[in-house]
There are 2 protein chains.
Amino acid sequence: MAKTGDRARPAAEPALSALDFALDRGSPVPLYHQLAQQLEAAIQRGVLAPGNLLGNEVDLSVRLGLSRPTVRQAIQSLVDKGLLVRRRGVGTQVVHSRVRRPLELSSLYDDLEAAGQGPATLVVRHETVPASPGTAAALGLAEGEEVVLLERLRSTHGQPVALLCNYLPPGLLELDDDRLEATGLYRMMRSAGITLHSARQTVGARSATAQEAARLGEREGAALLTMERTAYDDTGRPVEFGTHIYRASRYSFDFQLLVRP
Amino acid sequence: MAKTGDRARPAAEPALSALDFALDRGSPVPLYHQLAQQLEAAIQRGVLAPGNLLGNEVDLSVRLGLSRPTVRQAIQSLVDKGLLVRRRGVGTQVVHSRVRRPLELSSLYDDLEAAGQGPATLVVRHETVPASPGTAAALGLAEGEEVVLLERLRSTHGQPVALLCNYLPPGLLELDDDRLEATGLYRMMRSAGITLHSARQTVGARSATAQEAARLGEREGAALLTMERTAYDDTGRPVEFGTHIYRASRYSFDFQLLVRP
DNA sequence: GAGTGGTCTAGACCACCTG
DNA sequence: AGGTGGTCTAGACCACTCC
């Protein structure tokens, strides 16, 4: 009951009944996911405005013909995404968001492509070398063991942006230079059945050496953004170690953090 | 045998029965959280070694006298932390070694987390100024509206590390310089009842101006790491806009990413 | 006191992986 | 075929917030 009360309150009323959620029980897509998607769409479209209360979970589950845990699971996934906030004793409301994508294990290639910058990649080196101490430690190999070294120069609009140096465990992946230049390394890994799970990154800065400056089209001593990353697949096996440098004048890392209680 | 094979290994036996989980139903701490904590402790202590299967959820719930959803909730929280991996039809296993230390991604707090190393803060400026266009946009205010400007120099071991420049909405917070120097801005916000929810960050690099170099003890033109951040509370209201610069020779951002399916 | 989310139970069926 | 996690149900009681 109590949902017909049409009083104008400071925190706007649901108006959620206007939304018709279409749940398909025959679909392979889980019900909670269908609901989450449609809620998210409603938020993005502005049907659910920031600050709006969502209406209580019990009513919602009854109206949708779902159990409360299922509805909760849908809501929780949006809370995890930072779109909703729950307050005990109050309700669930849409966050005032300037939200952008939460930092993903970003491949530079994907970032640039998403920005519509038509990335171009040039494979500079691609050979097998003995692992340096640092590389061996990162990849969990013995020092001097062979690793695949991959060095690429990435540009947009004809201007170099980054120099990417990657080390991969031997035999991990079939690397074809042409495909590497047409797509990104992570994309190739994914299509080779390697599912990335996590990565440890260190982002810093330093001045360009003469050689780096020449390759990137900067002046010697120019500020460079550096990133070192070790990526792991879902078994915890290291699959990539990379040291990347970016022209600070043309690139920066942009991401959103969510604070988890 | 060498583990150069592509397969995830057949995986060791649980040995989980050796663990005695002590669950206190009288505690205000939720059961799933108690279980998660004890599982995590077992993993950190190495009782549950990387690659170990956890034993199936049904058995586990029976042995613990919990329902399966409760056990699942505990496991899920560790999966979210990246400590465990689930595979349908296979089981739940501990992620392999290296990935473990989450090094909490909350870059948000690392000003404070570093507190273990006795950081010192000096409030350089603390006054009310009209908002610049960029500041006004970030904080959702009108240009020229008054904001609190806070400039701090942070050092460790007697060496400057960062120059922190923050802008806060007027009247948000009572700022006492002594407390600001004794603790961090975020800690003061929290104790004032402001719960941080998310932040948007941009990390880049640039060369130090003469003035910046002098303040930070670097040479002019030295590489600096820059961060620009807008932080929001749980209603989506901007509560802080900051532009920070760090000595790249003494500071870098270090974090772990998890890939969410 | 009324309403909200937070937690928990005891089942059930299904999809997937491995042998 | 047997075991695993993935999903879902229909209830229950509690803790918290607000009026």
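Throughout, protein chains are lettered first and strands after them, A, B, ... in sequence-line order, and every chain is numbered starting at 1.
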Legend entry - Test item: B:Thr135 side-chain N/O and B:Ala131 main-chain N/O as donor-acceptor pair under 3.5 Å: no

Inset, instruction - Let me know the distance between CG of B:Asp234 and C1' of C:dG5, rounded to the nearest Å. - result: 15 Å

Inset, instruction - Look at the side chain of B:Tyr32 and decide which nucleotide, out of C:dT7, D:dG5, C:dT18, has an atom nearest to it. - result: C:dT7

Inset, instruction - Find which nucleotide of DNA chain C each of B:Thr70 and A:Arg87 is nearest to by heavy atoms, and output the residue with the more 5' nucleotide. - result: A:Arg87

Legend entry - Residue that, paired with B:Val147, satisfies side chain to side chain contact (heavy atoms under 4.5 Å, CB included) out of B:Leu172, B:Leu141, B:Leu168: B:Leu141

Inset, instruction - Would you kindly give the CD-to-C1' distance between A:Gln93 and C:dG5, to the nearest whole Å? - result: 13 Å

Inset, instruction - Please round to the nearest 0.5 Å and tell me the distance separating atom CG of B:Leu53 and atom CZ of B:Arg87. - result: 9.5 Å

Legend entry - Side-chain H-bond candidate by donor/acceptor type, B:Asp254 with A:Thr202, under 3.5 Å: yes

Legend entry - Separation of D:dG5 C1' from A:Gln73 CD (nearest whole Å): 13 Å

Inset, instruction - Drop me the distance from B:Phe253's CZ to A:Gln201's CD, to the nearest 0.5 angstrom. - result: 12.5 Å

Inset, instruction - Spell out protein contact along nucleotides 10-16 of chain C as letters: B when the base is contacted, S when just the sugar-phosphate is, - when no protein heavy atom is under 4.0 Å; keep the 5' to 3' order. - result: B-B--BB

Inset, instruction - Round to the nearest Å and state the distance from B:Leu64 atom CG to C:dT9 atom C1'. - result: 15 Å

Inset, instruction - Looking only at non-hydrogen atoms, find the nearest pair between A:Arg229 and A:Ala199 and report the distance. - result: CD-CB, 3.9 Å

Legend entry - Contact under 4.0 Å: B:Arg72 side-chain N or O vs D:dG5 OP1/OP2: no

Inset, instruction - Figure out the CG/P separation between B:Leu54 and D:dT4, and round it to whole Å. - result: 12 Å

Inset, instruction - Please check the phosphate of D:dT4 (OP1 and OP2 only) for any side-chain N or O of B:Asn56 closer than 4.0 Å. - result: yes

Inset, instruction - Look at B:Arg86 and D:dG6 and indicate whether a side-chain polar atom (N or O) is within less than 4.0 Å of OP1 or OP2. - result: yes

Inset, instruction - Scan residues 22-30 of chain B against DNA chain C and write down, sorted by residue number, each residue with any heavy atom closer than 4.0 Å; if none is found, say none. - result: B:Arg25, B:Pro30

Inset, instruction - Using whole Å, report how far CG of A:Leu84 lies from C1' of C:dT4. - result: 15 Å

Legend entry - Side-chain N,O (A:Thr92) to OP1/OP2 (C:dT4) below 4.0 Å: no

Inset, instruction - Send over the distance from A:Asp59 CG to C:dT4 C1', rounded to a whole Å. - result: 11 Å

Legend entry - A:Ser191 (side chain) donor-acceptor with A:Met188 (main chain) under 3.5 angstrom: yes

Legend entry - Protein-nucleotide distance (A:His33, atom NE2; D:dC8, atom P), rounded to Å: 11 Å

Donor-acceptor list for residues 21-32 of chain A side chains, cut-off 3.5 Å, not counting sequence neighbours:
{"residue": "A:Asp24", "atom": "OD1", "partner": "A:Gly26", "partner atom": "N", "Å": "2.8"}
{"residue": "A:Asp24", "atom": "OD1", "partner": "A:Ser27", "partner atom": "N", "Å": "3.4"}
{"residue": "A:Ser27", "atom": "OG", "partner": "A:Val29", "partner atom": "N", "Å": "2.8"}

Legend entry - Residue mapping more 5' on DNA chain D - nearest nucleotide basis, B:Val90 or A:Val90: B:Val90

Inset, instruction - Specify the closest pair of heavy atoms between A:His126 and A:Leu175, including all atoms of both residues, with the distance to one decimal. - result: CE1-O, 3.4 Å

Legend entry - Distance (rounded to the nearest 0.5 Å) between A:Leu84 CG and A:Ile43 CD1: 4.5 Å

